[in-house]
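Scroll down for the structure; my scribbles are underneath it.
Nothing here was measured: the structure is a model prediction, and the numbers come from that model. Protein chains get the first letters and strands the later ones, always in sequence-line order, with residue 1 at the start of each.
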Amino acid sequence: MELELFSPAEFAKDKILAIQDYAMLAGRAMGNLFQRPLYLGDMMQQADLIGFGSLPIVVLTGFFTGAVLAVNSAATLGRFGSLSLIGQLVSISMVRELGPVLTGLMVTGRNASGMASELGSMVVTEQIDAMRALGTDPIKKLVTPRLFATVIMLFFLTIISDLMGLIGGNFVSTLMLGLNSREYWTSAWQTLVFSDVFTGLIKPVIFGFIIASIGCYYGISAKGGTQGVGRATTQAVVAASVLILVVDFFVTRLLYVLLGFH
Amino acid sequence: MSAPTLPIPSADSAVAESRGDAIVFEDVAIAFDENRVLDGISFRLARGECKALFGVAGSGKSTILKLALGLMKPDSGRISVLGQDITDMTEAQLFEVRRHVGMVFQESALFDSLNVKENVAFRLMEEHDVAPEEIDGRVKEALQFVELEHTLNMFPSELSGGMRRRVAIARGIITQPDVLLYDSPTGGLDPVTSTRIIELIIKQRDEYKTSSLMVTHRLQDAFIMATHHFDKQTNQMQSLPRGQQGEVPMSFLLLHDGKVLFDGDAVELKKSQDPYIREYIS
Ligand SMILES: Nc1ncnc2c1ncn2[C@@H]1O[C@H](COP(=O)(O)OP(=O)(O)OP(=O)(O)O)[C@@H](O)[C@H]1O
Ligand SMILES: [Mg+2]
């Protein structure tokens, strides 16, 4: 038998085909939003699963991230005698960056993996084929509701995470650093300008799209039994997490250019 | 008033030819990587007929059923279902054809997040315009057909393999499709349960005149189907008297090496001198 050698051309072709498949899946899933039937029931069920299911971890991560931000920056700010800037610092970091990214990564861990394993097992047990045989488009019934539920829920989860971060920062600055709580909130609030809030709210929409489309893509293209489902799940989490961080950089940069520095 | 004369298409007209058949395969070939699974398969399934598909494991029986539903596309050749050429159809066009075709998958493929009732009702619920009371009624009827009325609220994971198979049959027949595709409906089941399932398939064939392709590993099942008919009075299958055997619309198709080795009725199969067939049916 011939020895199978690694061929860069084959590899590149595979990757390009995969990206093309992914783009088609994402495109069709979005297009379905404007076609009947809408599967509102399935969308609500997913929203419940993603939104309320992720609430505890989002609250916890948000709170402690804000708290640790306050602890760390207190050391630096204290040296310059400007401890009162803590509110601003926590607020800007949470709203612009850490709220969206951390919430996105948490929801990736919970739901991108869930989607990949659920759809993957449906593929290997022929449930997807059965669905097509019964006259239902699996992309419309399974992918579209997950995509939109994730985008909408991640948006609200991010807002909750931002708030929890501010509460965590307030907790540290009043109880541990002895700062005035009212002062903290005023500075945290006043420092935010339009571009911060806009950046912070556009990110979860993009990340939600990444999480659901990557999770569903790896699930739908799972091959090779239970082992394949396991592999799809891991790959989905890794791909979505990395993609979130990479896209985060470019979106941040792009919005700085578009909206200007403030 | 005299009845209007219906234009009866002559037997050789193209329309009669395509309308008369439930499924037609013409020189169909498909390969997975280097593995040429089907290599020029042609056969016809007439309306109302049941054809049993045989072949060793991996000979491509399930692949034929998936091709007939358009779940896969052949590399070459043409496939038509209920008079429509499905070879180049898009998924959206295929959904229209699939409304008339039911399939029972080899491993049942029940949706495990839905209970038995929702599984059986899936197709009706997806049509979005059937009243809930009607759905309930028809689900009960379909489950009665397979004698599983009591499992309505159970989940697939709570059922035995044979029960799952029968739920899958109920899901396949609920809309009374014109064509049914059964993939190994009796595989791995005890003789009592498989006889029950064979009886259901005979009932479907004789009472509702459904055309069907049935994949099976058990030759005796197909012979039972060739020698029995469904008796409405007793609600059971009955053996046909010797002289009438072969009068039921039952045929056999044997796959070997990606080709059709035999396609004909039970009598011809028993008479065949081909050494492979002799070994297969002995
Ligand atoms: N999606 C697929 N990808 C790759 N190979 C496949 C695929 N589906 C089927 N095959 C191959 O095609 C061949 C026929 O498969 P098929 O499932 O049709 O067999 P079968 O006759 O139904 O067997 P069994 O009696 O065991 O059910 C097998 O060798 C299988 O490996
Ligand atoms: Mg098979």
Under 6.0 Å from the CZ atom of B/F43, do we count more than 12 heavy atoms belonging to anything else shown? yes

Would you say B/R218 has more than 12 foreign heavy atoms packed within less than 6.0 Å of its CZ? yes

Is chain B contacted by the side chain of A/M131, its backbone, both, or neither, given a heavy-atom distance below 4.5 Å? both

Would you say CD of A/Q227 has more than 12 non-hydrogen atoms from neighbouring residues, nucleotides or ligands within 6.0 angstrom? no

Checking heavy atoms, do the side chain of B/L110, its backbone, both or neither come under 4.5 Å from chain A? backbone

Output for pair (B/S108 OG, A/E126 CD), nearest 0.5 Å, gives 10.0 Å

Grab the two heavy atoms, one from A/A130 and one from B/A109, that are nearest each other, plus how far apart they are. CB-O, 3.7 Å

Using a cut-off of under 4.5 Å on heavy-atom pairs, state which of B/M103, B/R99, B/K66, B/E127 scores highest against chain A. B/K66

Does B/E118 CD have over 12 foreign heavy atoms under 6.0 Å away? yes

Which residue in the set B/R98, B/E126, B/R171 passes side chain to side chain contact (heavy atoms under 4.5 Å, CB included) when paired with A/L134? B/R171

Nearest-0.5 Å distance, CG of residue B/L94 to CZ of residue A/R132: 8.0 Å

Interchain contact, B/L69 with chain A, by part (heavy-atom threshold 4.5 Å): side chain

With a sphere of 6.0 Å drawn around OH of B/Y208, does it hold more than 12 non-hydrogen atoms of other residues, nucleotides or ligands? yes

Is the shortest heavy-atom distance from the side chain of B/F95 to the side chain of A/T136 under 4.5 Å? no

Does B/K73 have more than 12 heavy atoms from other residues, nucleotides or ligands lying within 6.0 Å of its NZ? yes

B/F122 versus chain A, heavy atoms under 4.5 Å apart: side chain, backbone, both or neither? side chain

Decide yes or no on side-chain contact (heavy atoms from CB on, under 4.5 Å) for A/D137 and B/E91, but give the supporting numbers first. CA-CA 9 Å; A/D137 181 358; B/E91 188 81 2; 5.8 Å; no

Minimum heavy-atom distance between A/D129 and B/L71, given as atom pair plus value: O-CD2, 3.8 Å

Between B/E107 and A/T125, is a side-chain contact (heavy atoms from CB on, under 4.5 Å) present by the stated rule, with each step listed? CA-CA 7 Å; B/E107 308 292 343; A/T125 56; over 6 Å; no

